[in-house]
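Structure, as structure tokens:
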There are 2 protein chains.
Amino acid sequence: MLSFTEENYLKAIFKLSEKTDGPISTNAIAHEMNTAAASVTDMVKRLAKNDFILYERYKGVFLSKQGDIIARKLIRKHRLWEVFLFDKLNFTWDEVHDIAEQLEHIQSEELVDRMDKYLGSPKFDPHGDPIPNKNGQFAIREQDPLSELVLKDKGIIVGVREHSKAFLQYLEQCNLVLGTHVAVLEIFDYDGSIKIKINHKIEQIITQKVANNLFIIKEE
Amino acid sequence: MLSFTEENYLKAIFKLSEKTDGPISTNAIAHEMNTAAASVTDMVKRLAKNDFILYERYKGVFLSKQGDIIARKLIRKHRLWEVFLFDKLNFTWDEVHDIAEQLEHIQSEELVDRMDKYLGSPKFDPHGDPIPNKNGQFAIREQDPLSELVLKDKGIIVGVREHSKAFLQYLEQCNLVLGTHVAVLEIFDYDGSIKIKINHKIEQIITQKVANNLFIIKEE
DNA sequence: ACATATTTTTAGATTCGTCTAAAAATATGT
DNA sequence: ACATATTTTTAGACGAATCTAAAAATATGT
Ligand SMILES: [Mn+2]
Ligand SMILES: [Mn+2]
Ligand SMILES: [Mn+2]
Ligand SMILES: [Mn+2]
């Protein structure tokens, strides 16, 4: 049985692999996990010895099939717990992540299955991130950053790219939560900021940074 | 922040303190936790140094006020999670304990409060054990082992003394679950076994051992 | 009360996960 | 291509949690 720490390393390597192809460097892992590179080297040797990753000195690591499966299970658990906390216990979307970081390590296949069923087999978590199914497959959907919409485009907010508490709390305050309808009224060349109409009612200007971190499914 | 292990020691000491007065011995803790006595001595020194327990060499330990509070919180969490698993996810009463052993270590006051509310502030867990309230207080109720009832006594099963999977599964099979009505039809002097009527329907003989491990609230 | 049994502590070792500092390998730029 | 910068590994240390074996303290019984 893997320790919490080992599980967290696998999850970090998975996350980094999503954004990079080729091997994941020691340094990248160290940065992702807030540990010293030397610690990563040690751990990476252990994980490789037990066939959770493939490791070549000075090159970096890949997840093995086994490691990949474990990482996906962790993400599945993490996101299902987030849905539970959000849907059933009414936590806000900026609160769920920290608690899910703990809950994702609970060991019980049966618990995951029952939780999935209890929650209605959700395909996306409270941040709009896809929840792997039992086989580790992620749902995919056509979504674009709000910053890529053009004048008069409209759609529904379905996800966020950034997950910081500050960003999520800002969005909450502006009513820019999942499910919200937005329409692009004006795009300012000057700084890329955008005037949008929120839920057919309120007009508001958001920065390009905000727009870039919001995912939209286009309508019409 | 306490480690899982430290929390488990405090819980073990609390449990032992319920059944014994006077200090809890190193050996008793070692037995309760399936560890070597030497390991307990080490840990007990650490816990004492941080004022979670009072420890005197060769004498044993007591929980400090602080240690007692933590132990009660753990038990509260454990039993609330058991209720969740039983009530919401339909686990059986022999399955809930092992998962709750993991879940009891999740750190979030808010989570406990919300879970409590979500479950309707239950006072007893799926085994009939009392759930401490926010202040650590246990509900108490008039209950007797079935073995202490006399001829023609009747009542409702409200708890079990033993928590082994084998016992819980046996009870399930006989329909001797919480809420079941039982009436004493006959007591056999020979071996202390008892013939009971279950839910006004089925008659069955149970051993004295079984009767001793079932708690009843008497009726009429 | 003293010999024996039991309990508890100490001593010394191991594994895990971490660190810092130094050495070695690799990458980069002119 | 070679000096310099960066990345990665090694070396050595530490604290937490555990173990076994031996020593010390306490309890027990005749
Ligand atoms: Mn998250
Ligand atoms: Mn999420
Ligand atoms: Mn339990
Ligand atoms: Mn219980």
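So that the names make sense, note that chain A is the first sequence line, chain B the second, and so on, each numbered from 1. Just the heavy atoms: all of them, side chains too, but no hydrogens, waters or symmetry mates, feed the values below.
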Return the set of residues passing side-chain hydrogen bond (donor to acceptor under 3.5 Å, both in side chains) with [X] (not counting sequence neighbours), or none when no residue passes.
| X | answer |
| --- | --- |
| A:Lys45 | none |
| A:Ser147 | A:Asn212 |
| A:Asn34 | none |

| task | Kindly say whether B:Phe86 contributes a backbone atom to a donor-acceptor pair with the side chain of B:Trp93 at under 3.5 angstrom? | result | no
| remark: Ordered by number, residues from residues 3-13 of chain A within less than 4.0 Å of DNA chain D (heavy atoms) are none
| task | Name all pairs fulfilling the salt bridge (charged side-chain N to carboxylate O under 4.0 Å, His left out) condition that reach into residues 17-38 of chain A, sequence neighbours left out, sorted by first residue then second. | result | none
If I take atom [atom1] in residue [X] and atom [atom2] in nucleotide [N], what distance separates them, rounded to the nearest angstrom?
| X | N | atom1 | atom2 | answer |
| --- | --- | --- | --- | --- |
| A:Asp42 | D:dG12 | CG | C1' | 11 Å |
| B:Lys49 | D:dG15 | NZ | C1' | 10 Å |
| B:Met1 | D:dA16 | CE | C1' | 17 Å |

| said: Checking B:Phe188 now: which residues fulfil ring-ring contact (aromatic ring centres under 6.0 Å, His included) with it, not counting sequence neighbours? | reply: none
| message | Checking A:Tyr170 now: which residues fulfil ring-ring contact (aromatic ring centres under 6.0 Å, His included) with it, not counting sequence neighbours? | response | none
| request: Please list all pairs passing the side-chain hydrogen bond (donor to acceptor under 3.5 Å, both in side chains) test where one or both residues lie in residues 109-132 of chain A, with sequence neighbours left out. | output: A:Lys73-A:Glu109, A:Glu82-A:His127, A:Glu110-A:Arg114, A:Asp113-A:Lys134, A:Asp116-A:Ser121, A:Tyr118-B:Tyr118, A:Asp129-A:His163
Contacts under 3.5 Å, N or O only, protein and nucleotides 5-9 of chain D:
residue, atom, partner, partner atom, Å
D:dT8, OP2, A:Asn27, N, 2.9
D:dT9, OP1, A:Tyr55, OH, 2.2
D:dT9, OP1, A:Tyr58, N, 3.1
D:dT9, OP2, A:Thr26, OG1, 2.8
D:dT9, OP2, A:Thr41, OG1, 2.9

| task | Under the salt bridge (Lys or Arg N to Asp or Glu O under 4.0 Å) rule, collect the residues that match up with B:Lys165, sequence neighbours excluded. | result | B:Asp98
| note | Sorted by chain and residue number, the salt bridge (Lys or Arg N to Asp or Glu O under 4.0 Å) partners of B:Glu101 (sequence neighbours excluded) come out as B:Lys11
| query | Dot-bracket for DNA chain D: what is it, with Watson-Crick or G-U pairs under 3.5 Å, [ ] where a pair crosses earlier ones, and | for a pair to another strand? | reply | ||||||||||||||||||||||||||||||
